[in-house]
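What follows is a short report on a single structure.
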Amino acid sequence: MATAETQGMDPLRVGFVGAGRMAEAIAQGFIRAGKLEAEHILASAPTDRNLCHFQALGCRTTHSNQEVLQNCLLVFFATKPHVLPTVLAEVSPVVTTKHILVSVAAGVSLSTLEELLPPTTRVLRVSPNLPCMVQEGAMVMARGRHAGSSEAKLLQTLLEACGQCEEVPEAHVDIHTGLSGSGVAFVCAFSEALAEGAIKMGMPGGLAHRIAAQTLLGTAKMLQQKGQHPAQLRTDVCTPGGTTIYGLHALEQGGLRAATMSAVEAATSRARELGGK
Amino acid sequence: MATAETQGMDPLRVGFVGAGRMAEAIAQGFIRAGKLEAEHILASAPTDRNLCHFQALGCRTTHSNQEVLQNCLLVFFATKPHVLPTVLAEVSPVVTTKHILVSVAAGVSLSTLEEEGAMVMARGRHAGSSEAKLLQTLLEACGQCEEVPEAHVDIHTGLSGSGVAFVCAFSEALAEGAIKMGMPGGLAHRIAAQTLLGTAKMLQQKGQHPAQLRTDVCTPGGTTIYGLHALEQGGLRAATMSAVEAATSRARELGGK
């Protein structure tokens, strides 16, 4: 396993502390979009279980978190939320004012991060989601006290390799986790249910799942490209007395709207809970 | 308003009887994908109310349905379902064995407007595999198109035609959950739509069963599983299945089955 040589700080070197699915998704997005060469990425983790995925991409890997900080100026912290405090305490001695540190851990606030790191460290927080892997992520980011607009711009430009990224006040980050991080699972459940409705009516499973996914994709694209309120598009599709309005009535009777709102609420509340608010 | 000259049958001339949103969506798809020149498309309708959209695209238009059949070999019938029998009776005298006639009264999703449609098609008794292939190749300008047995066409209407509205309702509900928690509306709607898009792309590219991807996203004790529990408690699955069922049943009812 290659270790990165200490060649002095090259700002184009990006590090990942923690090498799980989200770290991999972001790294993959950077590489596929040509923003970074794989060999300019260094990832650390306690074991090789996840590092093998980074190695397969052509990235460098190590078991030393400090080594990542010593070799990269821009470092993503992608550990599970509960181990992050320990990891930050471990790397603090080698953090300098030149570093830009980005946490993607759900629910961990900027003030918590800043408390664990040397004063004046530049810290940002990102809530990504898994479709970063296919370069269609939905992300928001928030700046810490010492991170300026140029750091934010740098991060946003990089992350746009993975999808859409907007800067927001920190208060919105946990909500994004509930809506979009966890939202991926809610959309999967919905897609499955659409397909199962069709399967009940006699359509074969494979076809039903393919059509459900394509319907999701096409509708999402329409919403984005036309910038319409979804209620407007919904109305546009309803021929009086036609199939759509019959279906919408069943949807409302079944309480889809309330169930979905509750899901986003529950996930957001859990994110806030994990962050100790 | 230009009328098409009768120059003999050019197989690249495509006609539309009926010029509403669906016809326009398909025509636009063909033109944008470079499959057809606008002036090789001829559309008919009783008034100019919809024809002006075709004229704006550069297509030819007429008030005569028969003229479309006389000038085009491949003709799409995109009228409302209840007027189609009358229209077909009207044009029947000028239909020949050279014609390929395609009905889009059902089975085409409105999302063809953005070239990401989900379509299915079924063949009549005398339409062979080469006609089906020609149609499929053309329609792929508008999105995905699969050939299926006719029994599936109404289900497709319920799932994907009406499905556009169900997805809108779901997107709105996702955004409203976030708005309840304090996110501004514009941001919430943008993120909801992008989440839909990204998830759909993952399902397509990785070819995973959605339940597998759903499980992959669930950290033990994390935010996602809390949200999924609320989703199940609220009965999202049953509500959605009922919607597809109701729309499909209505499609069958309209078709007189």
Side-chain angles (χ1 to χ4, degrees), chain A residues 131 134 136-138 164 172 175 177 179-180 182-185 187-194 196-198 201 203 211 213-225 230 233-234 237 243-244 246-248 250-251 254-268 270-271, chain B residues 110-111 114 116 118 144 152 155 157 159-160 162-165 167-174 176-178 181 183 191 193-205 210 213-214 217 223-224 226-228 230-231 234-248 250-251:
Chain A
V134 295
E136 287 290 358
Q164 294 187 356
H172 298 157
I175 312 171
T177 301
L179 166 61
S180 186
S182 297
V184 170
V187 175
C188 287
F190 180 63
S191 192
E192 207 183 338
L194 283 170
E196 284 174 348
M201 303 314 286
M203 186 176 270
I211 292 176
Q214 184 64 19
T215 303
L216 279 171
L217 189 89
T219 308
K221 263 202 165 178
M222 283 191 83
L223 287 172
Q224 287 189 331
Q225 292 189 13
L233 178 56
R234 177 164 44 91
V237 190
T243 65
T244 306
Y246 274 67
L248 277 177
L251 212 63
L256 173 120
R257 194 176 293 269
T260 306
M261 288 179 74
S262 297
V264 175
E265 178 178 45
T268 302
R270 181 60 177 163
Chain B
L110 195 59
S111 54
E114 294 302 320
E116 287 294 343
Q144 291 186 359
H152 295 159
I155 314 171
T157 300
L159 167 60
S160 183
S162 298
V164 170
V167 174
C168 286
F170 181 63
S171 192
E172 206 182 337
L174 282 170
E176 284 174 350
M181 303 313 287
M183 185 177 272
I191 291 174
Q194 180 64 17
T195 303
L196 280 170
L197 191 102
T199 306
K201 248 203 167 177
M202 282 194 80
L203 287 172
Q204 289 189 328
Q205 288 193 14
L213 177 56
R214 177 164 44 90
V217 190
T223 64
T224 307
Y226 274 68
L228 277 177
L231 212 63
L236 173 121
R237 195 177 293 271
T240 308
M241 288 179 74
S242 297
V244 176
E245 178 177 47
T248 302
R250 181 61 178 164

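Below, chains carry the letters A, B, ... as their sequence lines are ordered, and counting in each starts from 1.
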I need the [X] [atom1] to [Y] [atom2] distance, nearest 0.5 Å.
X	Y	atom1	atom2	value
A/L179	B/T223	CG	OG1	11.0 Å
A/M201	B/H152	CE	NE2	12.0 Å
A/M261	B/E172	CE	CD	10.0 Å
A/S191	B/L203	OG	CG	5.5 Å
A/S180	B/I191	OG	CD1	6.0 Å
A/Q224	B/L196	CD	CG	9.0 Å

_Less than 4.5 Å to any heavy atom of chain B: does that hold for the side chain of A/A258, its backbone, both, or neither?_
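The answer is neither part of A/A258.
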_Among the listed options A/G247, A/A266, A/G137, the residue most often paired with chain B at heavy-atom distances under 4.5 Å_ =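 Between A/G247, A/A266, A/G137, the count favours A/G247.
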_Using side-chain heavy atoms (C-beta onward) and a distance below 4.5 Å, is A/F190 in contact with B/L231?_
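When only atoms from C-beta onward are counted, B/L231 and A/F190 do not touch, as no gap falls below 4.5 Å.
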_Min side-chain heavy-atom separation A/C188-B/T199 under 4.5 Å_ =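 The answer is yes, as the side chains (C-beta and beyond) meet within the 4.5 Å cut-off.
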*asked:* If you compare all heavy atoms of B/V244 against all heavy atoms of A/G197, which two are closest, and at what distance to 0.1 Å?
replied: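 It is CG1-C, 3.7 Å.
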*Answer with side chain, backbone, both or neither: which region of B/Q205 has an atom nearer than 4.5 Å to a non-hydrogen atom of chain A?*
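Only the side chain of B/Q205 comes within 4.5 Å of chain A.
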